[in-house]
Student: 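This is the structure I have questions about; it appears just below.
A, B, ... follow the sequence lines: proteins, then strands. Residue 1 opens every chain.
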Amino acid sequence: MRHFISLNQLTNDEVYTCLETAEAYRNRTKRCNQNHFVANLFFEPSTRTKMSFTVAEKRLGMNVLDFQSATSSMTKGETLYDTAKTFEAIGADLLVIRHQSDDWFKELKEKITIPIINAGAGKAEHPTQCMLDLLTIYQEYGTIENLKVVIVGDIKHSRVAKSNAEALKRLGAEVFFSAAPTFKDDSLEFPYLSMDEAVEICDVLMLLRIQHERHENQTETTNYLEEYGLTKQREKRMKKESIILHPAPVNRGVEIDSGLVECKRSRIFKQMENGVYVRMAIITQLLQGWGKSNEYALEKC
Amino acid sequence: MRHFISLNQLTNDEVYTCLETAEAYRNRTKRCNQNHFVANLFFEPSTRTKMSFTVAEKRLGMNVLDFQSATSSMTKGETLYDTAKTFEAIGADLLVIRHQSDDWFKELKEKITIPIINAGAGKAEHPTQCMLDLLTIYQEYGTIENLKVVIVGDIKHSRVAKSNAEALKRLGAEVFFSAAPTFKDDSLEFPYLSMDEAVEICDVLMLLRIQHERHENQTETTNYLEEYGLTKQREKRMKKESIILHPAPVNRGVEIDSGLVECKRSRIFKQMENGVYVRMAIITQLLQGWGKSNEYALEKC
Amino acid sequence: MRHFISLNQLTNDEVYTCLETAEAYRNRTKRCNQNHFVANLFFEPSTRTKMSFTVAEKRLGMNVLDFQSATSSMTKGETLYDTAKTFEAIGADLLVIRHQSDDWFKELKEKITIPIINAGAGKAEHPTQCMLDLLTIYQEYGTIENLKVVIVGDIKHSRVAKSNAEALKRLGAEVFFSAAPTFKDDSLEFPYLSMDEAVEICDVLMLLRIQHERHENQTETTNYLEEYGLTKQREKRMKKESIILHPAPVNRGVEIDSGLVECKRSRIFKQMENGVYVRMAIITQLLQGWGKSNEYALEKC
């Protein structure tokens, strides 16, 4: 793996290797001291993803360069390519990039000679989020195969929906969508269920965030919860073992009743915890692929 | 101590233990390597407090997560609670929070399962500032008891005045206020002195900053120094050993003549230095209370 | 050397010592673990300089304090002097400052009792950029003496032009300028060449950035490349061994044809790499001058 841009690059075996590496980090059976420099280039607001990468990087013993685009030379018109090339020149060993463009990585992946991790590409992809969702499901069921997963909400504006649906299908899950009419995306070939059907059949209810910041007009959400969201009544009709995921930040009272965010079957904060381990695993595998983890001592304990 | 929210939580003995731990850090007789993750969540501008916490944390060997609210998911409407919960989920061992609300910690202290330090709560409290003021006085006089302390200036909008006055009184000091009529706060029961009386009787003159950023209208300060501030003439009438404190940033030429900021009896920059040691002590005591400092090696030298 | 404010402070011998220390860091024959605290105070946008200092500092094992002026007490009116003094008080061992004023260091260098490095002073000076340019030339030719160097572009608004021209001349180079009429600066006594003459005679072509952000009116750049910039045609007429420098960020297609930014004779990204080593050398020499590097272990390997 040269760069970690999309889950489509990985074979099923590679996905499982990544999940198992993440579990090893979670169980503290694996530890490493990379001493590399990593630059986090975030061009969109982020708490979870950026801080999760930062914790993962620091746990791996890396030196973290925190790029602030608002006070950078990008205010003088510097391009993403020149910015990335600059970090390569000053000694970064790894770039983690989130950018509002759907394909920001096209030019970079050909011309940058250090590994790049996609931390979010416009509306297109967010593969580390996808991987942490997979880990959370894998921890619960030990497999992805034959699970019924319903992805619910703003399918159209979500970068999580597309990549998750494809990865889950490839790994053997049965994938459904559920969405308000304006949030449906007919370019993706997955069957749609009503929310009332969804809660009854799902093993995994994967809620999406309404991406107000990606909408051209403010979306009316007055009756959204009752019509399309996860109410307390609907939650009661879910199967005993089935779980709730949400990438967060949650619009409390819109996608989900606020009282359910930390309910027993919610894995919302577990997902965040898993994000750190998954990112540790991705970074480790990527640096190993580049022969970079041999340069420095790798401790196991 | 579960969280460090207010000085009212601490007994007098606990206050003194904290001061002595701070002195031990200052004298380099105590050192420790925590290796924990701490997240600094500052929702109001800060140089001193934020950087002082950062230095304290790094000196303790902690990994510091620097949260930038302007480029975080709070721009997508995420609440303080969900933000704090996120940092807990991704592995923070400690949260340091400054927020404009007077009681932001109410919901958090019940539901967050890692320690929290209050680095400023609206107009209400700023207990680490209070503790560093106490340390600065303690270094000078070896005690707080029976000292005459006059707190001067914008009592009404200051979060330092209230908590300092109460803590000082509890520790045995005689506390007075001095303020321009619009800056008086009649809800607090301390006697008011004129500035001319204040300088003559005080052992400690504790100047406050005029909090322009908390006023609804711009305060007229043309004659403020002459009428209510510390002029060079007034400074000359202070007792030989008495000292000047100010939490900074100083409005030079308003609360105090610019030439006095670094005068012999000024402890303004000493206070900043002490802030680091006090915060090291508070962090250490808090983590010990949670049984967290046993997880990692604690070196003494 | 008390502070590193200007190249004029250094003798030629000191310049060469600095270049050789930088080369030692580049060749990994020198390494050190300072464990000091450094505060980076940048009041103007920067990617390269700020991140380059950060990498240099972290490679030296320093603890880096990243000051964000937009969320600091400078929003409450605190001065640069009081901000610097604050960092001194909370334990910084070194200040790295970039500020829009041409002489921000005047007050500071008298009154601050820790070393200061000038990371850019308005339109006046940018001595670490100058030093990395010298290193890049020195690597190429083994000397500065008798080289023909043409500095091209926005001489008038450049802080690089003035200090570079003087340093190069002092070290024995023949220095020329080339500029559009509005960019000439008649206060500096160096001969002007046309761009067509420049490319043919130079050993080093030192392009400058058009500093749009320092111009009062937007500069018209439609025909700029053809008339005053480095086109592909002009590049072909350069001597076989001669090299191209640019401090970046590059205005692609204005100062230089975009296709030449990474051409064989371009040292633009090499300069950025060298920036790290030069800054490591400057920091080391400065701390040694203050007797600061003896306090902690200095490892060589």
Student: So, using side chain to side chain contact (heavy atoms under 4.5 Å, CB included) as the criterion, who are the partners of A/Lys58 when residues are at least two apart?
Tutor: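 Here the qualifying residues are A/Thr54, A/Val64, B/Phe37, B/Asn63.
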
Student: My understanding is that only one of A/Asp66, A/Leu65, A/Thr86, A/Thr83 makes a side-chain contact (heavy atoms from CB on, under 4.5 Å) with C/Met51; could you say which?
Tutor: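 Output: one option passes, namely A/Leu65.
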
Student: Does anything in residues 264-279 of chain C get under 4.5 Å of chain A by heavy atoms, and if so which residues?
Tutor: C/Phe269, C/Met272, C/Glu273, C/Val276

Student: Among all residues two or more places apart in sequence or in another chain, which pass the salt bridge (Lys or Arg N to Asp or Glu O under 4.0 Å) test with A/Arg48?
Tutor: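 For A/Arg48 the salt bridge (Lys or Arg N to Asp or Glu O under 4.0 Å) partners, ignoring immediate neighbours, are B/Glu78.
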
Student: Is the count of non-hydrogen atoms from other residues, nucleotides or ligands lying under 6.0 Å from C/Lys162 atom NZ greater than 12?
Tutor: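 It does: C/Lys162 NZ has more than 12 such atoms within range.
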
Student: Using heavy-atom distances under 4.5 Å, tell me whether A/Gln68 contacts chain C through its side chain, its backbone, both, or neither.
Tutor: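 Contact with chain C: side chain only.
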
Student: Go through the structure and list residues passing side chain to side chain contact (heavy atoms under 4.5 Å, CB included) with A/Ser258, not counting sequence neighbours.
Tutor: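 Partners of A/Ser258 under the side chain to side chain contact (heavy atoms under 4.5 Å, CB included) test: A/Arg252.
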
